[in-house]
Amino acid sequence: MTDNKNDKYISYTKRAWAIYTLIIIAIIVILVLFVAQDNEEMFFYTLMPAAAAYVFRPMNKPFSKLIFKFTGVSHPTEDK
């Protein structure tokens, strides 16, 4: 049962990271297509949101709380 719970948590974590990545890509596309006015701004709006998303990426504890809130699967405990 523990392996199944751990597998579910890992699956939900991968899905959450995929959603996070898609949101960042959508922000970059919106900035490049609708906000940028020249090539320099396009380049800036391509790099900076990606860099900011990396620097301010979610930590494990808040990410685990959100996964538990939306799916009901908690972070697996390590029993050794």
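Under the 4.5 Å side-chain heavy-atom criterion for ILVMFWY residues, a single connected hydrophobic cluster contains both Phe43 and Ile24. The hydrophobic cluster containing Phe44 does not contain Val29, counting ILVMFWY residues as joined when their side-chain heavy atoms lie under 4.5 angstrom apart, directly or transitively. Both Met48 and Val32 are members of a single hydrophobic cluster when ILVMFWY side chains are connected at heavy-atom separations under 4.5 Å.
To the nearest 0.5 angstrom, Leu66 atom CG is 11.0 Å from Ile19 atom CD1. One finds the CD1 atom of Ile10 at 10.5 Å from the CD1 atom of Ile67 (value rounded to the nearest 0.5 Å). Distance CG/Leu22 to CD1/Ile27: 11.5 Å, rounded to 0.5 Å. Rounding to the nearest 0.5 Å places CG of Leu47 at 8.5 Å from CD1 of Ile28.
Partners of Asn39 according to the side chain to side chain contact (heavy atoms under 4.5 Å, CB included) rule, which considers only residues two or more places apart in sequence or in another chain, are Met42. Applying the side chain to side chain contact (heavy atoms under 4.5 Å, CB included) criterion to Ser11, with sequence neighbours excluded, gives Arg15. Considering only residues two or more places apart in sequence or on other chains, Tyr45 meets the ring pair (Phe, Tyr, Trp, His ring centres under 6.0 Å) condition with none of them.
Here the closest non-hydrogen pair linking Glu41 and Gln37 is OE1-N, 2.8 Å.
Cluster note: Met59 groups with no other residue, as no ILVMFWY side-chain heavy atom lies under 4.5 Å from it.
For residues 46-72, the side chain to side chain donor-acceptor pair (under 3.5 Å) pairs, not counting sequence neighbours, are Tyr9-Ser64. Among residue pairs with one or both ends in residues 13-39, those qualifying as ring pair (Phe, Tyr, Trp, His ring centres under 6.0 Å) are Trp17-Tyr20, Trp17-Phe63; sequence neighbours excluded.
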